[in-house]
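Below: the structure, in structure tokens.
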There are 2 protein chains.
Amino acid sequence: MPSHSHPGPGQIPLQLAVVHRAMTDDFHARLAELGREPLRPAHGYTFRYLAAHPAATTVDLAAHLGITKQAASKAVAELQDWGYVERLPHPTDKRAQLLTLTERGHDYLRLADKLWADVERHLGEVIGPDQLATLSRALRTYIDHTYGDQAVPFRPVW
Amino acid sequence: MPSHSHPGPGQIPLQLAVVHRAMTDDFHARLAELGREPLRPAHGYTFRYLAAHPAATTVDLAAHLGITKQAASKAVAELQDWGYVERLPHPTDKRAQLLTLTERGHDYLRLADKLWADVERHLGEVIGPDQLATLSRALRTYIDHTYGDQAVPFRPVW
DNA sequence: GAAATATGGTCAACCTGATTGACCATGTCA
DNA sequence: TGACATGGTCAATCAGGTTGACCATATTTC
């Protein structure tokens, strides 16, 4: 009798992974429906970070994403090629570059926010507003407890 | 005024990702504490699948994980080298191989189950038993609604 | 100030986990 | 029995990351 069949304790982390995956799939399906190219999740995290930190450099971004500066640099170059990000000269440090979202980048982020809200709304329809509220509160509580004042690591999952 | 600051609708999917990540980190920390080598998440999914489907072949596994049979084959070879999985001749199909967990594989799975339960218990201590129960119910409801009778795809996240 | 050191960024080589494509051996079906 | 389908392997390639060396500019220390 395997102790690892469906029910029982320890299921929640697995379910979290499944739901996370399902919602990500949902998001990408909505994106595809609109005919938009699917940027990878790491790009979304980059957008969010740049929008929130307009004076960020590549090194900052790398630290935030939990990857090396080389990897971050490559990602930024890609986003720049696609017109989502600009690299401007840093006003005081001639070595550094200021990373900023272009209008196109902001547009994409706004769209993504809308789509995530749609996904969330769908979740709400399935589980009901009460459970949705509880879910949100539980997640926030856990995140606050885990990271406290520290910056929440937005690193991609594994 | 960026529409993508912290609060607001659409946050839940992001929070799910963060919590999932935090719990995975927690799991790996506990594993490391015991001095156990950290198999990758895909290995965990493989173990679970093999435990639940004792007559599985490499192709079955690949389909379940959502990867190519070549990739699955490589992963199985690795797990076999480490002594977690055996490849036995298939009783009726000379092309195929039966994948089975070794005792060592079952051990690891049991340990993983225990650690995930610990992680879950910790979550329960943080958010309280009521919210934990609601969370679990909400996740299960959403999963059932999304996948219904179909097999839940255990594919790694992105 | 000048020398030593730290830091932002790039280039290049490499690793890993996946992919596609070709192929063989066995199974299944007409 | 011949045609096609399927389980598995080998080989080449790709993507996204890593480490290491390096340059130019900042910052610290004497």
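What you see is a predicted model, and the numbers here were worked out from it, not measured in a lab. Chain naming here is simple, since letters A, B, ... match the order of the sequence lines and numbering starts at 1 in each.
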On DNA chain D, does the nearest nucleotide to A:Lys94 precede the nearest nucleotide to A:Arg40 from the 5' side, or the other way round? Give the residue.
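Looking at DNA chain D, the more 5' nearest nucleotide goes with A:Arg40.
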Rounded to whole Å, please give me the gap between [atom1] in [X] and [atom2] in [N].
{"X": "B:Lys74", "N": "D:dG8", "atom1": "NZ", "atom2": "P", "result": "17 Å"}
{"X": "A:Leu98", "N": "C:dG8", "atom1": "CG", "atom2": "P", "result": "13 Å"}
{"X": "B:Leu65", "N": "C:dT19", "atom1": "CG", "atom2": "C1'", "result": "15 Å"}
{"X": "B:Leu61", "N": "D:dT9", "atom1": "CG", "atom2": "C1'", "result": "16 Å"}
{"X": "B:His90", "N": "D:dT6", "atom1": "NE2", "atom2": "P", "result": "15 Å"}
{"X": "A:Asp93", "N": "D:dT27", "atom1": "CG", "atom2": "P", "result": "6 Å"}
{"X": "B:Ile67", "N": "C:dT19", "atom1": "CD1", "atom2": "P", "result": "6 Å"}
{"X": "A:His43", "N": "D:dA15", "atom1": "NE2", "atom2": "P", "result": "12 Å"}

Of all the nucleotides listed ([options]), which has the minimum atom distance to the side chain of [X]?
{"X": "A:Gln97", "options": "C:dT10, C:dA18, D:dA26", "result": "C:dT10"}
{"X": "B:Ala71", "options": "C:dT19, D:dT18, D:dA26", "result": "C:dT19"}
{"X": "B:Arg95", "options": "C:dA18, C:dG9, D:dG7", "result": "D:dG7"}

Any side-chain heavy-atom pair from A:Lys94 and A:His90 closer than 4.5 angstrom?
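No - every pair of side-chain heavy atoms lies 4.5 Å or more apart.
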Within the 4.5 Å heavy-atom criterion, are A:Ile127 and B:Leu139 side-chain neighbours or not?
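Counting from C-beta outward, A:Ile127 and B:Leu139 never come under 4.5 Å.
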Are [X] and [N] close enough that a side-chain N or O sits under 4.0 Å from OP1 or OP2?
{"X": "B:Ser73", "N": "D:dG8", "result": "no"}
{"X": "A:Arg87", "N": "C:dG8", "result": "no"}
{"X": "B:Thr57", "N": "D:dG8", "result": "yes"}
{"X": "B:Thr68", "N": "C:dA18", "result": "no"}

Contact nearer the 5' end of DNA chain C, comparing B:Lys69 with B:Glu78
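It is B:Glu78 whose nearest nucleotide is closer to the 5' end.
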Determine the interplanar angle of the B:Trp82 and B:Tyr84 rings, folded into 0 to 90°, and report it as parallel if under 30°, tilted if 30 to 60°, perpendicular if over 60°.
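Geometry flag for B:Tyr84 against B:Trp82: perpendicular rings.
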Is the B:Trp116 ring parallel, tilted or perpendicular to the B:Phe27 ring (thresholds 30°, 60°)?
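Ring orientation of B:Trp116 relative to B:Phe27: parallel.
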Closer than 3.5 angstrom, by distance alone: can the side chain of A:Ser136 be matched with the main-chain N or O of A:Leu132 as a donor-acceptor pair?
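Absent.
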Have a look at B:Gln70 and say if it touches a base, only the backbone sugar-phosphate, or nothing, with a 4.0 Å heavy-atom cut-off.
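Since a base atom lies under 4.0 Å of B:Gln70, the category is base.
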